[in-house]
Amino acid sequence: MAEAGKPRVVVVGGGIGGALLAKTMEPDADVVLLDPKDYLEITWAELRSTVEPSFAERSLIYHRDYLTTATIVTSSAVSITEHAVLTADGQSLAYDYLVVATGHVFASAGSRTERLTEFQRDNEKIKSSESVLIIGGGPTGVELAAEIAVDYPEKKVTLVHRGSRLLDFIDQKASKKCLDWLTSKKVDVLFQQSVDLKSLSDTEKFYKTSAGETITADCHFVCIGKPLSSSWLHDTILKESLDTKGRIMVEKDLRVKGYNNIFAIGDITDIPEIKQGYLAQKHALLVAKNLKLLIKGAPPSKLATYSTGFPLAIVSLGRKEGLAQLPYLTLTGCIPGMLKSKDLFVGKTRKQMGLNA
């Protein structure tokens, strides 16, 4: 047991799920948040911040601003033992309960100041270009293309996607509506083609696709899926708890299979659902509920369980419009835009973290 008789909960990863869990557990536990960054990034606001860097002032939040009693350790986890998490800077963080929330690998800056500078630099890159190439037709590529098309309608935007349709995690009808919207904004979309990422450079303005087409663009953005941040787990006690894709296998109560006091949340889990931020938040609140039950002495049979629902998706299309896939209904235009596009849920998320919107 940790100081003041409270059990220690170590949270590895300060993304949207890990941050909310750490915040929620502060009254009930001695919380330690381990994260290589000194801030929480509301990741779904990243693309708005690329075209409007000042937006990031609200979507990048110092961990110290929403955590009041937790210990913040700015480092990375390199190993896990039965009793402690070992960090890259040589610390050993003992735990009574452990939550792994490392998600996907992000090559973002370690400090909030550096991250703000990155957004400013990307914005200058767009503003100084007449044409922009976007590689990847998932939600990141689509939303970035939409943000640029709305804020900089004079720019020529080309999107290259290796798949046969955009946003392949939603149904075909919604995907087609998204394509029609982009086409109406004069975005050129090329399907079933890719660009050799190894050949990319900041000075090259001619890009050859796998189909032999040559695209001319003044700058490019790579918007393809990022690998899971789980490779470090292969030499830890959790190595047998990883599936073939490197995801942590969890029980319905989100405990890691084979462990009573270790949980996993967010993108790194093997839960069969679309990996989205709001689902990581749902995981965090469920695990917080279960941790509080365990701290009070409840048996594992009393723990709450997680169930997947209908795959909901809201894709922002610029500042005023959007696309929403809801149960039995697909909407485009201003209504889904009102739900997400104006503020991108940043105010709601800040309030959830105990901050002013």
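Just so you know, residue 1 is the first one in the sequence shown, and it goes up from there. What's counted below: heavy atoms across the whole structure, side chains too, no hydrogens, waters or symmetry copies.
Residues passing the ring pair (Phe, Tyr, Trp, His ring centres under 6.0 Å) test with Phe345: none are found, sequence neighbours excluded. In this structure, the ring pair (Phe, Tyr, Trp, His ring centres under 6.0 Å) partners of Tyr66, at least two apart in sequence or on a different chain, are His63. Scanning for ring pair (Phe, Tyr, Trp, His ring centres under 6.0 Å) contacts around His161 gives an empty result, with sequence neighbours left out. Under the side chain to side chain contact (heavy atoms under 4.5 Å, CB included) criterion, Asn123 pairs with Pro53, Gln120, Lys127, Tyr152, not counting sequence neighbours. In this structure, the side-chain hydrogen bond (donor to acceptor under 3.5 Å, both in side chains) partners of Thr68, at least two apart in sequence or on a different chain, are Glu26. Considering only residues two or more places apart in sequence or on other chains, Phe55 meets the ring pair (Phe, Tyr, Trp, His ring centres under 6.0 Å) condition with none of them. With sequence neighbours excluded, the residues that form a side chain to side chain contact (heavy atoms under 4.5 Å, CB included) with Asn260 are Arg255. Partners of Ala280 according to the side chain to side chain contact (heavy atoms under 4.5 Å, CB included) rule, which considers only residues two or more places apart in sequence or in another chain, are Ile16.
A distance of 6.0 Å or more separates the ring centres of His83 and Tyr95.
Formation of a donor-acceptor pair under 3.5 Å by the Trp44 side chain with backbone atoms of Leu344 is found in this model. With hydrogens and angles ignored, the 3.5 Å screen pairs no side-chain donor or acceptor of Ser49 with any backbone N or O of Phe119. Between the Ser129 side chain and the Val132 main chain, no donor and acceptor come within less than 3.5 Å of each other. Formation of a donor-acceptor pair under 3.5 Å by the Lys155 side chain with backbone atoms of Ile126 is found in this model. With hydrogens and angles disregarded, a donor-acceptor distance shorter than 3.5 Å links the side chain of Asn290 to the backbone of Asp253. Side-chain atoms of Asp267 never come within 3.5 Å of backbone atoms of Gly103 as a donor-acceptor pair (strictly under, hydrogens ignored). Between the Thr74 side chain and the Lys37 main chain, no donor and acceptor come within less than 3.5 Å of each other. A donor-acceptor pair is defined here as one N or O able to donate and one able to accept, closer than 3.5 Å; such a pair exists between the side chain of Ser341 and the backbone of Glu321. Between the side chain of Ser79 and the backbone N or O of Leu86 there is no donor-acceptor pair closer than 3.5 Å. Between the side chain of Ser175 and the backbone N or O of Leu166 there is at least one donor-acceptor pair closer than 3.5 Å.
Within a 6.0 Å sphere centred on NZ of Lys292, other residues, nucleotides and ligands contribute more than 12 heavy atoms. Environment of CZ in Arg165: crowded, with over 12 heavy atoms of neighbouring residues, nucleotides or ligands closer than 6.0 Å. Environment of CD in Gln172: sparse, with no more than 12 heavy atoms of neighbouring residues, nucleotides or ligands closer than 6.0 Å. More than 12 non-hydrogen atoms from other residues, nucleotides or ligands lie less than 6.0 angstrom from CD of Glu204. Heavy-atom contacts from other residues, nucleotides or ligands closer than 6.0 Å to CD of Glu130 number 12 or fewer. Open room surrounds CG on Asp235; 12 or fewer heavy atoms of other groups in view lie less than 6.0 Å from it. Counting heavy-atom neighbours within 6.0 Å of Lys275 NZ, excluding the residue itself, gives a total above 12. The number of heavy-atom neighbours closer than 6.0 Å to CG of Asn356, taken from other residues, nucleotides and ligands shown, is 12 or below.
Both Ile295 and Val31 sit in one connected hydrophobic cluster of ILVMFWY residues. Membership requires side-chain heavy atoms under 4.5 Å apart, directly or through other members. Taken together through direct or relayed side-chain contacts under 4.5 Å among Ile, Leu, Val, Met, Phe, Trp and Tyr, Val142 and Leu312 form parts of separate hydrophobic clusters. A continuous path of hydrophobic side-chain contacts links Leu200 to Ile224 [ILVMFWY only; heavy atoms under 4.5 Å]. Side-chain heavy atoms closer than 4.5 Å link hydrophobic residues (I, L, V, M, F, W, Y) into clusters, and following such links, even through other members, never connects Leu242 to Val78.
Remark: Lys348 does not engage Asp343 in a salt bridge, criterion side-chain N to carboxylate O under 4.0 Å. By the 4.0 Å N-to-carboxylate-O rule, Asp243 lies too far from Lys245 to be salt-bridged with it. Note on Glu46 versus Arg115: salt bridge recorded, some NZ/NE/NH1/NH2 to OD/OE distance being below 4.0 Å. Salt bridge status for Lys208 with Glu213: absent, with no side-chain N to carboxylate O gap under 4.0 Å. In this structure, Asp96 does not pair ionically with Lys6, as no charged nitrogen and carboxylate oxygen lie closer than 4.0 Å. One finds no salt bridge joining Lys186 and Glu154 here, because no Lys/Arg side-chain nitrogen approaches an Asp/Glu carboxylate oxygen to under 4.0 Å. Under 4.0 Å is where a charged nitrogen must lie from a carboxylate oxygen, and between Arg8 and Asp30 at least one such pair does. Ion pairing between a basic and an acidic side chain is recognised when a charged N comes within 4.0 Å of a carboxylate O; Glu114 and Arg121 show no such pairing.
Sorted by first and then second residue, the side chain to side chain donor-acceptor pair (under 3.5 Å) pairs with a member in residues 138-147 read Arg48-Glu147, Glu143-Lys340; sequence neighbours excluded. The salt bridge (charged side-chain N to carboxylate O under 4.0 Å, His left out) pairs that include a residue from residues 74-89 number zero, where partners must be two or more places apart or lie in different chains. Among pairs with a residue in residues 183-213, those fulfilling ring pair (Phe, Tyr, Trp, His ring centres under 6.0 Å) read Tyr207-His220, at least two apart in sequence or across chains.
Ile262 approaches Ile237 most closely through the heavy-atom pair CD1-CD1, 4.0 Å. The minimum heavy-atom distance between Leu286 and Ala304, with the atom names listed, is CD1-CB, 3.7 Å. Looking at every heavy atom in both residues, Ala29 comes nearest to Val9 through CB-CG2, 3.7 Å. Shown here for Cys178 and Leu167, the closest heavy-atom pair between the two residues is SG-CD1, 3.7 Å. Taking every heavy atom of both residues into account, Ser184 and Trp181 meet most closely at OG-O, 2.5 Å.
Atom CG of Leu228 is separated from atom NE2 of His104 by 4.5 Å, given to the nearest 0.5 angstrom. Taking OG of Ser241 as the reference point, atom CG of Leu233 lies at 9.0 Å (rounded to 0.5 Å).
A cation-pi arrangement is absent between Arg112 and Tyr39, since the terminal nitrogen or guanidinium carbon is not both under 6.0 Å from the aromatic centre and inside a 45° cone about the axis. For the pair Lys125 and Phe221, the cation sits on the ring face: its NZ or CZ lies under 6.0 Å from the ring centre, inside 45° of the axis.
Checked by atom type, the side-chain pair Glu251/Tyr306 shows no donor-acceptor distance below 3.5 Å.
Put simply, the side chain of Ser76 does not reach to within 4.5 Å of the side chain of Thr87, judged on heavy atoms. With a 4.5 Å cut-off on side-chain heavy atoms, Glu240 and Lys257 do not count as touching. Side-chain contact check for Ile248 versus Asp270: every heavy-atom pair is 4.5 Å or farther apart. Side-chain contact between Leu21 and Leu291 is present, with heavy atoms from C-beta onward closer than 4.5 Å.
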For residues 322-339, run the donor-acceptor check on the side chains, cut-off 3.5 Å, and write out each pair with its distance to 0.1 Å, sequence neighbours left out.
from, atom 1, to, atom 2, distance (Å)
Gln325, OE1, Asp171, N, 2.7
Gln325, NE2, Pro311, O, 3.2

